[in-house]
Amino acid sequence: MSYLETQFNATVHEGDIEVDPNIVAQFPSTAIIKACQGHARSYWSKTGRLDIEIDGKLESYFLKLADGDVASPMLNGEFESMKLIHKFIPKFSPRPIAYGKCQDSERYFSLYTFHELLKDEPEISRFTSAVAQLHTTSAKANLTGKFGFDVTTYNGTLPQDNAWTDSWEEFYARGMRHMLKIEMDKRGEREELEPLIVPFLDKVIPRLLRPLETKGRSIKPVLIHGDLWLGNVSQQKDSGDPLMYDSSAFWGHNEYELGIMRPLENEWATQCMESYHEHIPKSEPRDDWDARNALYSIRAIIHDSALWPKDKRFRVKLVDEIKKLVEKFPEGYVEGNSY
């Protein structure tokens with residue numbers, strides 16, 4: 001069973017979708033709704049293609065609808081994420097059009113430009129070039145040097161702690177502490193994981209992240225997509241370029257983006273990581289790169305474990321990966337050691 005089998009088993013949306021008046025209001029008064037039908041897959045929202053005729057020209061948009069307690073902040077977090085991403089890489093991301101509440105129901109909606117996509121994985125060199133472009137161009141726009149994001153974003157239905165911090169170590173540790181609590185609350189099982197939490201937070205994270213920001217080193221925060229798995233990037237049919245969407249963005253260490261690829265354990269992921277670093281070199285200390293990548297992958301694994309608490313594979317994988325790092329770095333960060 002592949003690591004992504006559960007994630008790719010999302011609901012396929014089909015059939016007609018009624019277009020709420022507040023969605024219609026996002027377009028000129030001369031707009032004519034031609035069709036709105038379910039399109040693509042999603043666990044957390046209903047998705048569709050909205051075809052509209054405006055002054056004789058047919059235009060298509062991608063529609064998301066969600067209800068429930070997290071619908072509003074979930075769609076808003078993604079919308080604000082994609083606004084920034086589109087600002088830096090408009091060629092490789094859909095343009096956000098609108099976000100709001102439906103008039104005739106308690107649903108919330110978001111609208112984006114529609115793109116025809118292929119089912120194939122994006123071509124590696126184009127994909128990694130686009131990711132590197134997002135990171136390099138956005139780095140110049142972060143004038144504060146802080147890590148975080150202005151709004152709460154969601155991985156699936158899981159709220160992320162994006163409060164601004166001055167150091168990457170502090171941001172990552174606080175986010176992991178937040179996610180560990182959510183994961184254990186969702187599963188209701190603590191015995192396997194709980195003994196590992198203190199050494200993981202107090203030893204492993206300082207050992208791997210503090211050297212990035214000491215001894216004259218520093219990290220320039222870049223805009224991170226935040227959920228760049230194979231379900232959130234595709235190949236555009238017309239150009240062959242990658243298209244990145246469904247972001248859970250924040251300003252962070254560029255290498256974090258690659259962590260989500262590690263659990264795939266396949267050649268495509270390995271080649272992507274190698275190709276990315278042809279554009280942007282590995283951070284110093286380079287000898288820590290593999291362990292840092294393993295650390296960042298744990299954030300992706302813990303999301304999966306919390307989102308699918310009945311799937312034992314994700315908890316087993318989470319415990320195993322944390323245990324490896326705890327056993328590898330029992331002393332943690334030691335002042336004066338050469339890293």
Side-chain angles (χ1 to χ4, degrees), residues 1-15 38-47 64-75 77-78 106-108 119 152-162 172 174-201 204 225-233 245-248 256 259-266 269 294-326:
M1 188 176 187
S2 72
Y3 183 82
L4 292 179
E5 184 167 333
T6 298
Q7 295 90 320
F8 274 129
N9 198 32
T11 301
V12 177
H13 297 290
E14 299 174 322
H39 181 85
R41 295 172 177 265
S42 176
Y43 272 107
W44 326 116
S45 58
K46 186 176 181 65
T47 54
K64 280 193 169 187
L65 296 165
D67 47 28
D69 293 341
V70 303
S72 174
M74 179 178 69
L75 291 186
E78 180 190 345
E106 293 303 309
R107 279 180 163 180
Y108 287 80
K119 293 183 179 180
T152 300
T153 55
Y154 284 70
N155 278 74
T157 55
L158 306 173
Q160 306 297 297
D161 184 348
N162 290 332
Y172 187 84
R174 187 163 65 188
M176 280 303 310
R177 190 175 290 108
H178 170 73
M179 281 310 309
L180 284 162
K181 181 180 185 306
I182 289 178
E183 196 270 357
M184 288 189 292
D185 287 346
K186 291 277 187 181
R187 285 192 172 261
E189 302 171 358
R190 299 172 177 267
E191 293 77 12
E192 295 175 302
L193 189 56
E194 207 160 37
L196 298 170
I197 292 177
V198 170
F200 178 67
L201 294 174
V204 173
H225 177 284
D227 195 16
L228 202 52
W229 70 290
L230 275 172
N232 290 342
V233 60
Y245 41 90
D246 290 3
S247 171
S248 178
Y256 175 94
I260 200 166
M261 299 178 186
R262 190 182 185 97
L264 302 183
E265 298 179 341
N266 62 23
L295 174 64
Y296 293 157
S297 77
I298 289 171
R299 185 64 178 267
I301 297 166
I302 200 170
H303 290 155
D304 293 331
S305 186
L307 287 168
W308 290 282
K310 293 183 180 180
D311 192 326
K312 294 181 179 179
R313 294 180 306 128
F314 297 129
R315 168 58 80 84
V316 170
K317 181 76 170 173
L318 177 64
V319 170
D320 185 50
E321 294 301 317
I322 291 179
K323 187 179 294 185
K324 287 178 185 176
L325 291 179
V326 167

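Only heavy atoms go into these numbers, but all of them, side chains included; no hydrogens, no water, no symmetry mates. Note that the coordinates shown come from a computational prediction; the quantities given were computed from them, not determined experimentally.
- Between Glu321 and Lys324 there is a salt bridge, with a side-chain nitrogen of the basic residue lying less than 4.0 Å from a carboxylate oxygen of the acidic one.
- Although no hydrogens or angles enter the test, the distance criterion places a donor-acceptor pair under 3.5 Å between the side chain of Ser42 and the main chain of Trp44.
- Just one of Val326, Ile322, Val204 meets the side chain to side chain contact (heavy atoms under 4.5 Å, CB included) condition when paired with Pro199; it is Val326.
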Audit row: Asp67, Tyr108, side chain to side chain contact (heavy atoms under 4.5 Å, CB included) steps and yes/no:
CA-CA 6 Å; Asp67 47 28; Tyr108 287 80; over 6 Å; no

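- Between Trp308 and Tyr43, a ring centre-to-centre spacing shorter than 6.0 Å is recorded.
- Judged by distance alone, with hydrogens and angles left aside, the side-chain atoms of Ser305 form no donor-acceptor pair with the main-chain N or O of Ile302 at under 3.5 Å.
- A salt bridge does not link Asp311 to Arg187: none of the charged side-chain nitrogens sits closer than 4.0 Å to a carboxylate oxygen.
- A heavy-atom distance below 4.5 Å is found between the side chains of Met179 and His303.
- When all heavy atoms of Gly259 and Pro263 are compared, the closest pair comes out as O-CD, 3.4 Å.
- The shortest distance between side-chain heavy atoms of Leu158 and Lys186 falls below 4.5 Å.
- Between Leu264 and Arg262 there is no side-chain heavy-atom pair separated by less than 4.5 Å.
- Counting only N and O atoms by type, the side chains of Arg174 and His178 include no donor and acceptor under 3.5 Å apart.
- Taken to the nearest 0.5 Å, the OH atom of Tyr154 stands 15.0 Å off from the OG atom of Ser247.
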Please test Arg313 against Thr6 for side chain to side chain contact (heavy atoms under 4.5 Å, CB included), starting from the C-alpha separation and ending with a verdict.
CA-CA 10 Å; Arg313 294 180 306 128; Thr6 298; 3.1 Å; yes

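- In terms of heavy-atom proximity, Lys46 sits nearest to Glu14 at NZ-O, 4.1 Å.
- In summary, the side chains of Thr47 and Arg41 do not present any donor paired with an acceptor at a separation below 3.5 Å, with no hydrogens or angles considered.
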Given the rule in the side chain to side chain contact (heavy atoms under 4.5 Å, CB included) test, do Phe314 and Leu307 qualify, once you have shown the distances and angles that lead to the verdict?
CA-CA 10 Å; Phe314 297 129; Leu307 287 168; over 6 Å; no

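- Contact check on Lys64 versus Asp246 returns a salt bridge, with a Lys/Arg side-chain nitrogen under 4.0 Å from an Asp/Glu carboxylate oxygen.
- Applying side chain to side chain donor-acceptor pair (under 3.5 Å) to Ser248 and the options Asn162, Asn155, Asp227, Asn232 leaves one that passes, Asn155.
- Pro73 is not listed as a side-chain neighbour of Thr152, based on a closest heavy-atom distance of 4.5 Å or more.
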Evaluate side chain to side chain contact (heavy atoms under 4.5 Å, CB included) for Ile298 paired with Leu325, printing each intermediate quantity in order.
CA-CA 10 Å; Ile298 289 171; Leu325 291 179; 3.7 Å; yes

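- With a 4.5 Å cut-off on side-chain heavy atoms, Arg299 and Gln160 count as touching.
- Ion pairing between a basic and an acidic side chain is recognised when a charged N comes within 4.0 Å of a carboxylate O; Arg190 and Glu183 show no such pairing.
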Starting from the C-alpha separation in whole Å, work towards a yes-or-no answer on side-chain hydrogen bond (donor to acceptor under 3.5 Å, both in side chains) for Tyr3 and Asn266.
CA-CA 10 Å; Tyr3 183 82; Asn266 62 23; over 6 Å; no

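- Here the CG atom belonging to Leu201 is positioned 7.0 Å from the CE atom belonging to Met176, to the nearest 0.5 angstrom.
- Closest heavy-atom contact between His225 and Tyr245: NE2-O, 2.6 Å.
- Looking at every heavy atom in both residues, Tyr256 comes nearest to Tyr172 through CE1-CE1, 3.9 Å.
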